[in-house]
There are 2 protein chains.
Amino acid sequence: MQGATTGHRERKKAETREALRAAAIRLFLEHGPSAVTVNDICEAARVSARTFFNYFESKEAALFAWDQRLSDELASKLAARPSYEPPLTALRRAMDDTLPSFAAQTGWHARKKLFSASPELRTKIVNAVFRVEAMLVDILADRIGCPAGSLYPQLLAAATGSAFRAAFITWKPETGIKGLQALIDQAFDHLAAGLSAPAS
Amino acid sequence: MQGATTGHRERKKAETREALRAAAIRLFLEHGPSAVTVNDICEAARVSARTFFNYFESKEAALFAWDQRLSDELASKLAARPSYEPPLTALRRAMDDTLPSFAAQTGWHARKKLFSASPELRTKIVNAVFRVEAMLVDILADRIGCPAGSLYPQLLAAATGSAFRAAFITWKPETGIKGLQALIDQAFDHLAAGLSAPAS
DNA sequence: GCGAATTTTGCACTGATGCAATATTGCACG
DNA sequence: CGTGCAATATTGCATCAGTGCAAAATTCGC
C-alpha cells in the first residue's frame, strides 16, 4: 500500500485511460453519442468492455474526465482563499483560479461541440456539477462555521454550480476561454446583485 | 384522437399507476430502494416488468410522480404572475402558489423519509428538478424578452432550482409543510440579498 | 523465477429502451 | 344484443448500460 505504485504501472493506466477517452470522443463526433456503444469504444481501445467501467462510471463520463481533477483543484483553491473574503467572493475567485487548468485541458473544444450538439449530454453534466457541489458544501460549512446540513452552504454551493452550468451552456466555444470567463463573471455579478433584472 | 379517451380507460390507467406507486413506496420503505427490483414492484402490482416503464422512466421515479403535475402547475403559475413583478419575485410567488398542491399530495412524509435515508436518491431528484428548470427557462426568456439561450434566464431558472433543492434537502419533514415553506422563503431571501453572509 | 499486489477480464444480474406482437377495451353498426 | 373494427394498453424479446464478484493474467519487487 505504498501510495503511488511503480511509475511503470501508473503510465500504463494513464495510457489506457487516454486511449479510451480519445476513442470515445472520436467515435462520438463521428457517429453521435447514442450510436456508439461501449463495446465500440473498447474495441477501438483494445480492451474489454468491463475495463471501460474501471475507468469511467458512464459511457459519457469519458467526455468530462477533467471533472475529477478540476473539482479537486477547485476545492483546494477554495480552501486556500483567505477567510476574510465573503463566501461568494471566495467561490468566484476560486473558480477564476481554476479556469486556467480548464483551459489547459486538451480537446475542450471538441467536447463543448459535443455538448452543444446533443442535448442528452446536458443532463450528464448536471450530475457532474452536482458532485462538485457536494464537495463544496462541506468546505463552505467549515469555512462559515455552521452545521453541514444548513441551508446557506447548500444554497451557496448550488448557486455556484448554477453559475457555472448556465455559463457553460450559454458559452460559444468560438469565443475561447476568455468568453467562458466573461460569462462566469456575468453570472456571479447577477448572483451578487440579487438576480435583479439587468439594465440592458 | 379525441384528447381524453373514455373515462373507463383513464380510470384503469390511474389505478395501475397508483398500484405501482404504492407498491414501490411500500417495498422501498420495507427493504431499502437498492434491495427492491423492478420485478418485485411489478409482481406486487400484478403487471409485467415492461409495463412499469410505460408509467415511470426509472425505478425511483415512482417516488416523485408528483413532479410531473406540480412542475406543470408551477410553470402555469409563473406564466400567470403579473409582468411588472421582478423575475425573482415572480418565481418566488409562483412557488408559493404551488406549495399547497405539494402539501395536498399523499404520502410526501414517507417520500421525504426515503430521500433522507438513502443518499442515492438525491441524485435522482436533481434530474427531476433539472427538468423543471428547462421548462422555466423558456417562460422566463419569453417574460423578460431575451433570446432563449441567454445567460440570465438560464441562471434564474437554475438558481430557483437551487433554492428548492437546498430547502428540500435541509427540510426536516417533522416540521411539516410550514417548515418547508419557511426554508424556501429563507433561500429566496438569500438569493435576493446577493448571497451575502447572514447576520446570525 | 517466485510470491504478492494489482489490473484485466468473464459472468451473472439489474436497470432501461425500442420494437413488434398480442390482448383489451370502446364504439359503431347491423 | 353481438359482432367486428379501431384505438390503446400490455407484454415479450432483443439489446445496451452499468455493477459486484471472483477468476485469470499481468506486473512488481526481490
*asked:* Pairing donors with acceptors under 3.5 angstrom, does anything connect the side chains of B:N54 and B:T51?
replied: no
Whole-Å distance, B:E10 CD to C:dG26 P, equals 11 Å
Less than 3.5 Å apart, which donor and acceptor atoms pair up between the side chains of residues 178-193 of chain A and the rest of the protein, not counting sequence neighbours?
{"residue": "A:Q181", "atom": "NE2", "partner": "A:D96", "partner atom": "OD1", "Å": "2.9"}
{"residue": "A:D189", "atom": "OD1", "partner": "A:R92", "partner atom": "NH1", "Å": "3.2"}
{"residue": "A:D189", "atom": "OD1", "partner": "A:R92", "partner atom": "NH2", "Å": "2.7"}

Contacts of A:S118 meeting side chain to side chain donor-acceptor pair (under 3.5 Å) (sequence neighbours excluded), chain-then-number -> none
Those residues at least two apart in sequence (or on a different chain) that pass side chain to side chain donor-acceptor pair (under 3.5 Å) with B:R131 are B:E57
Worksheet item: A:L91 versus A:R81: any side-chain heavy-atom pair under 4.5 Å?
Response: no
Contacts of B:F52 meeting ring pair (Phe, Tyr, Trp, His ring centres under 6.0 Å) (sequence neighbours excluded), chain-then-number -> B:F56
Quick note, salt bridge (Lys or Arg N to Asp or Glu O under 4.0 Å) partners involving residues 109-126 of chain B, not counting sequence neighbours, are B:E60-B:K124
Taken to the nearest whole Å, CZ/A:F56 to P/D:dA17 is 15 Å
Contacts satisfying side chain to side chain donor-acceptor pair (under 3.5 Å) that involve residues 22-34 of chain B (not counting sequence neighbours) are B:R26-B:E30
Applied to residues 133-143 of chain A, the side chain to side chain donor-acceptor pair (under 3.5 Å) test, sequence neighbours excluded, yields A:E133-B:R165
Note to self: Can you see if the side chain of B:H8 gets near the phosphate of C:dT25 - specifically, an N or O under 4.0 Å from OP1 or OP2?
What the structure shows: no
Sequence neighbours excluded, the answer for side chain to side chain donor-acceptor pair (under 3.5 Å) partners of A:E15 is A:R11
Residues in residues 36-52 of chain B with a heavy atom under 4.0 Å of DNA chain D, by number, are B:V47, B:S48, B:R50, B:T51
With the side chain defined as heavy atoms from C-beta on, A:N54 is closest, among C:dT9, D:dG18, C:dT7, to C:dT9
Taking only N/O atoms, report every protein-nucleotides 20-24 of chain C pair under 3.5 Å with atom names and distance.
none

From CD of A:E57 across to P of D:dG18 the rounded distance in Å is 9 Å
Applying ring pair (Phe, Tyr, Trp, His ring centres under 6.0 Å) to B:F164 and not counting sequence neighbours gives B:F168
So, with a heavy-atom separation below 4.0 Å from DNA chain D, the residues of residues 13-31 of chain B are B:K13, B:T16
Rounded to whole Å, the NZ-C1' distance (A:K59 to D:dT19) equals 17 Å
